[in-house]
Structures are given as C-alpha cells and as structure tokens.
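Here is the structure we will look at, set down as structure tokens.
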Amino acid sequence: MNYINAFLVGGAICLVGQILLSKTRMTPARILVLFVTAGVVLTAIGLYEPLVEFGGAGAEVPLTGFGYSLAKGAFKGVDESGILGALSGGVMGTAGGIAAAVIFGYLVALIFSPKTKK
Amino acid sequence: MDINRVLDKKNYQKYVKKNMPKSKFLKECAMAFLVGGLICTLGEALDDFAEYTLFLDEAGIGTFRSAVLIFLGAFFTGIGIYDVLGRYAGAGSIVPITGFANSIVSPALEYKWEGYILGVGAKLFTIAGPVLVYGISASVIAGIVYYIIGVL
Amino acid sequence: MGTRVGQKTVRFDKMPIILSTAAVAGNAEKTGPYGSTFDIVFDDDLWGEKTYELAERKMLIKAIETAMAKAGLKPDDISYLLGGDLLNQIISAGFAARQLGIPFFGLYGACSTMAESLMLGAMIVDGGFAKYAACATSSHFATAERQFRNPLELGTPKTPTSQNTVTASGAAILSSTGDSTYPAVTYATTGRVIDMGINDVNNMGAAMAPAAAETIISHLEETGRKAGFYDHIVTGDLGTFGSELMLRIASDAGYDMTANHLDCGVLIYQGNELMHCGGSGCGCSASMLCGHFINSMNQGTIKRILFVATGVLHSPTSALQGESIPAIAHAVSLEMGCGS
C-alpha cells in the first residue's frame with residue numbers, strides 16, 4: 001500500500017512539473033527552483049506534512065521534498081536554539097543530501113565524459 | 001522588397017503560435033507521471049530497506065534515501081543514460097532528486113575540459129546553485145517567521 | 001567587375017566559378033539520406049580529438065584541404081580564406097586559418113555563413129583582388145549545444161519545433177578563371193537583419209522564415225527572374241515548420257515556390273523523427289551545398305540554384321535578457337554554363 005501511495009503522490013507531483021514544462025516552456029532549472037521553494041512554503045503553511053504522511057517517499061523524493069526537509073530543519077533549529085537555528089537548521093537537515101550531491105557529482109564528472117547520442 | 005510591408009509582427013507571432021507543431025501533451029503527462037511515480041516508489045523501497053534492514057532512525061532513512069538516489073542519478077548521467085530518459089520522461093525525471101543530481105553532474109561533465117577548478121568545480125553549481133540559493137533562503141525566512149510567531 | 005542591379009543585389013560580370021568543393025560530416029549526417037554525398041565522414045563525434053571543439057576545427061581544416069586538393073591547389077595559391085562558425089570568437093575558423101596560413105577574413109553570420117562567405121569571396125574574385133579564394137564554415141552538435149543550449153547529459157525533453165545542430169563542414173574554392181563546365185556565382189543578394197519578435201529559441205525556423213522570404217523575393221524582383229527560373233531554391237536551415245512559414249509568406253506576397261523550394265535542414269535528416277524540425281547550423285547548408293548540390297550541378301542533373309543560407313543573430317546573453325531573435329538570409333545564384 002505504501003508503494004502505491006508513493007507512486008501516486010510522486011507521479012502527481014511530477015505531473016504538475018510536466019504541465020508547467022509543456023504549457024509554459026519553463027526550463028528545468030526554473031522548475032527545480034520553483035519546486036524547492038514551493039516545498040518550503042507549503043511546509044511552512046502546513047500543507048506538505050500531510051502529503052508526506054500519506055505518500056512517504058512519493059512526497060520526499062521530488063524536489064518539493066528537499067524544500068520540505070529544509071523547512072522542517074529550520075523549524076527544528078528554531079525549536080532547539082532560537083533565532084540562530086533558523087539560519088543553521090535548514091542546511092543541517094539536508095546536509096547529507098547536499099554533500100552527497102557534491103561528492104557524487106564531482107566523482108562522476110572526473111570519471112566520465114559527455115557523449116553525443118545517436 | 002520590404003518584409004515589414006507584407007507581414008505584420010503581431011499577426012505573424014499569432015500565426016506562428018497557432019500553427020507550430022505541438023507536443024503530445026497527454027502522452028508527455030502520462031510519461032512524467034509514470035516515470036516520476038516509479039522513481040518515488042524506488043525511494044519508498046529504499047526507505048523500507050533503511051528502516052528494516054539497516055535499522056536507521058528517521059533522519060538516517062532520509063539521508064540514506066537521498067544519497068542513494070543522488071548516486072543513481074549521477075551515475076546514470078555519467079554513463080549517458082539519464083538524458084535519454086529525460087527526453088521521454090520530461091518532468092518525470094527532472095523533478096525527483098535524481099533529476100537534481102543530473103542537473104549537477106551534466107554541466108560539470110560538460111566543462112571538465114576547461115579544468116578541474118573553473119570547469120568541474122564551478123559548473124557543478126550551474127543549476128544546483130540557484131536551487132540551493134532559493135531553497136536555503138526560503139527555509140531561513142520560514143524559520144524566522146516561525147520564530148516570530150512562536151515569540152508572539 | 002560587378003554591377004549593382006538593385007538595392008540588395010549585385011551581378012558578377014566575370015562570374016567567378018566554383019572550382020571545387022568538399023564536405024565533411026559526422027555520424028547522424030552520414031546515416032541520413034545524403035550520407036554518401038559527403039567526402040569524409042566519421043563515426044565518433046570526437047573524431048579522435050580531445051575535445052569537441054578540436055573535432056570541429058579538424059572538420060573545417062579537412063574540408064578546406066580536401067577542396068584544395070581536388071582543385072590541385074596549395075594553401076599558398078589561395079589569396080583569401082573567408083570563413084566562420086558558431087562558436088564564441090569563431091574559434092574554429094580562426095584556429096583553422098592559423099594552421100593553414102592563408103590570409104583570413106573571419107565572418108559571423110551564424111548559419112548563413114556559407115552564403116555570406118561565397119558572396120564576399122565572389123566579390124573579391126570578381127573585383128580582381130584574388131585568383132582563388134576559399135569559403136568555408138562548420139558547426140558541431142556538441143560544441144553548439146553547450147554554447148547555445150544545455151549540457152549534453154542534461155535530461156531535458158526537446159520541443160517539437162527544435163532543430164538539431166548539424167555536425168558538418170563545407171568548403172568551396174572560388175576561381176577567377178574556369179570554363180562553363182563549372183558552376184558560376186552569377187548574382188548575390190545580401191539580406192537585411194529582420195526581427196519579427198519571435199523569442200522562442202527553440203523555434204528558429206519561425207524567426208528565420210521572414211528573412212528568407214524577403215531575401216528571395218528581393219532577389220527575384222531585382223533580377224527580374226521568376227521563381228521557376230531556378231531548378232531549386234535551396235534554403236539553409238528553416239526546418240519543416242520554418243519552410244512552411246516561408247512558403248506561406250511568399251505565397252501571400254504573390255510568389256509560389258512550392259514546386260522548387262528545398263531546405264537543407266529538412267533534407268539532411270529526412271526520415272529521422274528524433275530530429276523534430278530537422279537540422280540547423282552553419283554546417284547544415286554548407287555540407288549540403290558543397291556535397292549534394294554542387295555534385296548534382298557538376299553531374300548536370302541540375303543547372304541553376306538559388307542558395308539561400310539563413311541564420312539567427314542572437315546570443316545566449318541576448319536571449320536571457322529577453323531580446324527577440326533577429327534573423328538574416330543571404331542568397332547567391334549558382335548557374336552552369338556561365339563561367340568565363
């Protein structure tokens with residue numbers, strides 16, 4: 001059941017992205033920025049948490065989920081250490097993902113070369 | 001001959017918009033839903049693996065899932081498969097965190113011939129940079145607002 | 001000496017001839033319907049070089065060298081090399097000229113460069129300033145893609161109006177003397193920069209169609225020729241949608257070219273659906289002209305063509321700053337049986 005929920009929620013979030021991509025000709029960079037920011041905002045106003053509870057990874061894997069982790073981290077930071085936690089909390093909550101992206105990105109770029117496709 | 005005498009700019013733009021070949025919207029949406037959904041399902045499976053096999057806590061599960069998906073996104077970009085997937089899946093492979101990894105690796109790969117500092121190092125953040133700038137800024141603002149509401 | 005016959009058109013009275021041509025192309029072009037018309041083809045887009053930029057330069061040098069070899073000429077015999085490409089500061093052409101050591105005019109007309117170089121080369125030769133001039137241009141999918149669009153490995157879908165930058169190069173040697181068995185450059189019509197406010201960088205055909213229509217119609221008006229005078233009116237890289245638009249604009253203005261219009265961008269990948277609207281890039285029209293069309297003229301299957309290379313003059317910077325896409329088209333008339 002969890003898998004079906006994840007599939008449905010994840011698919012639906014990607015569908016929203018596709019509608020933007022097809023109808024507004026937004027570039028992937030803009031879509032990624034929009035989704036991460038939307039994730040923060042939706043989490044802040046309490047709309048994203050229920051989606052995560054229902055969809056699990058389906059809500060956490062799309063970039064809105066990255067925004068969700070950032071916002072949740074910031075709130076946790078504030079709860080634990082006040083106003084300064086707003087600065088440190090977001091990155092702390094997502095540090096693993098960011099570091100993974102940097103190191104894997106760097107290693108892959110070292111090993112492989114770009115290719116043209118047929 | 002002066003083209004501007006026979007062709008009105010506004011009318012031409014309208015004509016182009018109306019008659020240009022359109023993408024197959026429903027097919028694109030179906031592909032995005034399917035591929036996006038499948039990547040998320042894989043994420044759910046990773047969650048289960050982290051929870052029941054590795055016995056990680058909640059934060060650990062999230063980090064494990066993100067790291068593995070980012071690795072897969074980066075790896076499939078490196079071997080030249082992710083862009084082929086993106087051609088068909090559209091947002092289905094852009095929006096998941098694997099797409100974020102793709103957006104980090106692809107410019108870094110592309111510019112490796114320009115050197116390891118200003119090529120790979122700098123271009124790694126071509127698309128990831130803006131994502132982090134807006135994501136982190138939004139989270140700081142959200143945190144401050146949360147703090148103020150808490151104080152009041 | 002040449003004569004001006006209209007606002008945009010000149011006639012070459014000595015009629016410089018195209019002594020030889022050569023075309024070099026990559027894999028996607030090789031497997032297309034005109035694959036056999038290229039002199040040199042290669043499979044791997046790096047072509048044994050370290051970077052795609054070096055591969056593009058190699059294509060350009062090979063095209064010029066092959067054209068010279070066919071004419072039995074050495075770099076020292078050529079008075080001028082006129083050429084350009086799509087890369088910043090036209091590095092393919094500049095670095096090729098460094099290696100060849102021929103006095104060099106660097107041109108940037110984007111995908112219109114082949115016609116621009118032929119036109120200027122013909123003026124130089126007709127004006128008596130050179131016995132031989134080389135005109136050449138190139139484009140490479142991978143180098144153009146990174147400069148104008150996205151990294152190769154970024155997973156982003158193409159839009160249906162997009163065109164694929166052709167990996168190819170073409171070179172032509174112009175000569176002041178030669179008999180009527182060679183194709184001659186008889187007229188040249190220089191295009192104006194036209195901007196109809198199209199700002200979709202994935203829809204170049206729509207940006208270029210009005211420029212192509214204006215140049216072709218101006219050419220016909222100023223030379224007093226009918227569209228049917230030419231076996232083919234060959235546009236550079238309007239693509240399928242751009243060609244449709246150009247034919248429609250022309251027919252609205254009273255010129256019917258449906259019977260003899262061809263577009264190199266449509267032809268080069270014909271039948272390959274992955275290429276959407278077709279090919280684009282300097283090398284598209286250059287390789288089709290220097291391969292298929294000049295070959296057909298030399299074999300006598302076609303006698304007269306109007307070669308109209310089309311280009312867009314925007315940059316990634318101008319696009320990011322929200323500017324629309326200016327376009328240009330240059331026409332040169334190539335005819336058999338005219339050389340002096």
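What's counted below: heavy atoms across the whole structure, side chains too, no hydrogens, waters or symmetry copies. In the text below, chain A, chain B and the rest are named by the order of the sequence lines, each starting its count at 1.
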Report task. Please examine the side chains of B:Ser103 and A:Leu32, heavy atoms only from C-beta on, and report whether any two atoms are closer than 4.5 Å. Result -> yes

Report summary line: Most contact-rich option vs chain B, by heavy-atom pairs under 4.5 angstrom, among A:Thr37, A:Ile13, A:Ile83, is A:Ile83

**Report entry** For the student: nearest non-hydrogen atoms of A:Phe75 and B:Ala142, plus distance
**Finding:** CE2-O, 3.4 Å

Report task. Could you tell me whether A:Lys23 sits above the aromatic face of B:Phe25, with NZ or CZ closer than 6.0 angstrom to the six-membered ring centre and within 45 degrees of the axis? Result -> yes

Query raised in the report: Taking all non-hydrogen atoms of both residues, which atom of B:Gly135 and which atom of A:Val40 are closest, and how far apart?
Result: O-CG2, 3.8 Å

Query raised in the report: Going from CD1 on A:Ile4 to OG1 on B:Thr41, what distance comes out if it is rounded to the nearest 0.5 angstrom?
Result: 9.5 Å

Report task. Would you mind telling me which of A:Ile111, A:Leu15, A:Ile45, A:Val33 has the largest number of heavy-atom pairs within less than 4.5 Å of chain B? Result -> A:Val33

**Report entry** Heavy-atom pair count under 4.5 Å with chain A, highest-scoring of B:Gly92, B:Ala59, B:Ala30, B:Pro96
**Finding:** B:Pro96

Query raised in the report: Between A:Tyr3 and B:Asp48, does a side chain to side chain contact (heavy atoms under 4.5 Å, CB included) hold up when you go through it step by step?
Result: CA-CA 10 Å; A:Tyr3 290 98; B:Asp48 282 356; 2.7 Å; yes

Report summary line: Distance col, row A:Thr64:OG1 vs B:Ile97:CD1, nearest 0.5 angstrom, shows 10.0 Å

Report summary line: Note: B:Val105 and A:Gly105 closest approach over all heavy atoms is CG2-CA, 3.6 Å

Requested in this report: Give, as side chain, backbone, both or neither, the part of A:Ile19 having an atom under 4.5 angstrom from any heavy atom of chain B.
Outcome: both

Report summary line: Turns out that what part of A:Phe66 lies under 4.5 Å from chain B's heavy atoms comes down to side chain

Report summary line: Value for CG (A:Leu70) from OH (B:Tyr134), rounded to nearest 0.5 Å, stands at 15.0 Å

Query raised in the report: From A:Leu63 CG over to B:Phe100 CZ, what is the distance, rounded to the nearest 0.5 angstrom?
Result: 6.5 Å

Requested in this report: Count the heavy atoms of every other residue, nucleotide or ligand shown that sit under 6.0 Å from CG of A:Leu47, and state whether that count exceeds 12.
Outcome: yes

Query - Region of A:Leu21 in contact with chain B, defined by heavy-atom distances below 4.5 Å - result: side chain

Query raised in the report: Taking side chain as C-beta onward, heavy atoms only, is A:Phe35 less than 4.5 Å from B:Val131?
Result: no

Query raised in the report: In terms of heavy-atom proximity below 4.5 Å to chain A, should B:Asn102 be classed as side chain, backbone, both, or neither?
Result: neither

Query raised in the report: Most heavy-atom pairs under 4.5 angstrom with chain B, which of A:Ala44, A:Ala71, A:Gly58?
Result: A:Gly58

Query raised in the report: Minimum heavy-atom separation for B:Lys112 to A:Ala109, with atom names?
Result: NZ-O, 3.1 Å

Query raised in the report: Quick one: what part of B:Ala128 sits under 4.5 Å from any heavy atom of chain A, side chain, backbone, both or neither?
Result: neither

Query raised in the report: Around atom NZ of B:Lys24, are there more than 12 heavy atoms of other residues, nucleotides or ligands at under 6.0 Å?
Result: no

Query raised in the report: Between atom CD of A:Gln18 and atom OG of B:Ser23, what is the distance when rounded to the nearest 0.5 Å?
Result: 8.0 Å

Requested in this report: Determine the option with the most heavy-atom pairs under 4.5 angstrom with chain A, choosing from B:Pro107, B:Ser66, B:Ala45, B:Gly86.
Outcome: B:Ala45

Requested in this report: Applying side-chain contact (heavy atoms from CB on, under 4.5 Å) between A:Val102 and each of B:Ile70, B:Leu124, B:Ile104, report the one that passes.
Outcome: B:Leu124

Report task. Before giving the answer on side chain to side chain contact (heavy atoms under 4.5 Å, CB included), spell out for B:Tyr116 and A:Leu110 the whole-Å C-alpha distance, their side-chain angles and the decisive distance to 0.1 Å. Result -> CA-CA 8 Å; B:Tyr116 290 101; A:Leu110 287 193; 3.2 Å; yes

**Report entry** Minimum heavy-atom distance between B:Ala91 and A:Gly17, given as atom pair plus value
**Finding:** CB-C, 3.4 Å

Query raised in the report: What closest approach, in Å, do B:Cys40 and A:Val61 show between heavy atoms, and which atom pair accounts for it?
Result: SG-CB, 3.9 Å

Query raised in the report: Quick one: what part of B:Phe125 sits under 4.5 Å from any heavy atom of chain A, side chain, backbone, both or neither?
Result: side chain

Query raised in the report: Is a salt bridge present between B:Glu58 and A:Lys76, judged by a nitrogen-to-oxygen distance below 4.0 Å?
Result: no

Query raised in the report: What part of B:Leu46 is in contact with chain A, defined as an atom under 4.5 angstrom from a non-hydrogen atom: side chain, backbone, both or neither?
Result: neither

Report summary line: Note: vs chain A, highest number of non-hydrogen pairs under 4.5 angstrom among B:Val120, B:Ile39, B:Asp83 is B:Asp83

**Report entry** A:Phe112 side, atom CZ; B:Phe75 side, atom CZ - distance, nearest 0.5 Å
**Finding:** 5.0 Å

Requested in this report: Count the heavy-atom pairs under 4.5 Å between each of A:Glu60, A:Lys115, A:Lys72 and chain B, then report the option with the highest count.
Outcome: A:Glu60

Report summary line: Under 4.5 Å to a heavy atom of chain A? For B:Val84 that would be side chain

Query raised in the report: Do you know which of B:Asp47, B:Thr77, B:Ile79, B:Leu69 has the most heavy-atom pairs with chain A at a distance under 4.5 angstrom?
Result: B:Ile79

Query raised in the report: Among A:Pro62, A:Ser69, A:Ala74, A:Ala100, which residue forms the greatest number of heavy-atom pairs with chain B at distances under 4.5 Å?
Result: A:Pro62

Requested in this report: Tell me, for B:Ala67 versus chain A, whether the close heavy atoms (under 4.5 Å) come from the side chain, the backbone, both or neither.
Outcome: both

Query raised in the report: Considering only heavy atoms, which portion of B:Ile148 lies under 4.5 Å from any heavy atom of chain A: side chain, backbone, both, or neither?
Result: neither

Query raised in the report: Would the number of heavy atoms belonging to other residues, nucleotides or ligands and lying under 6.0 Å from CE of A:Met92 be above 12?
Result: no

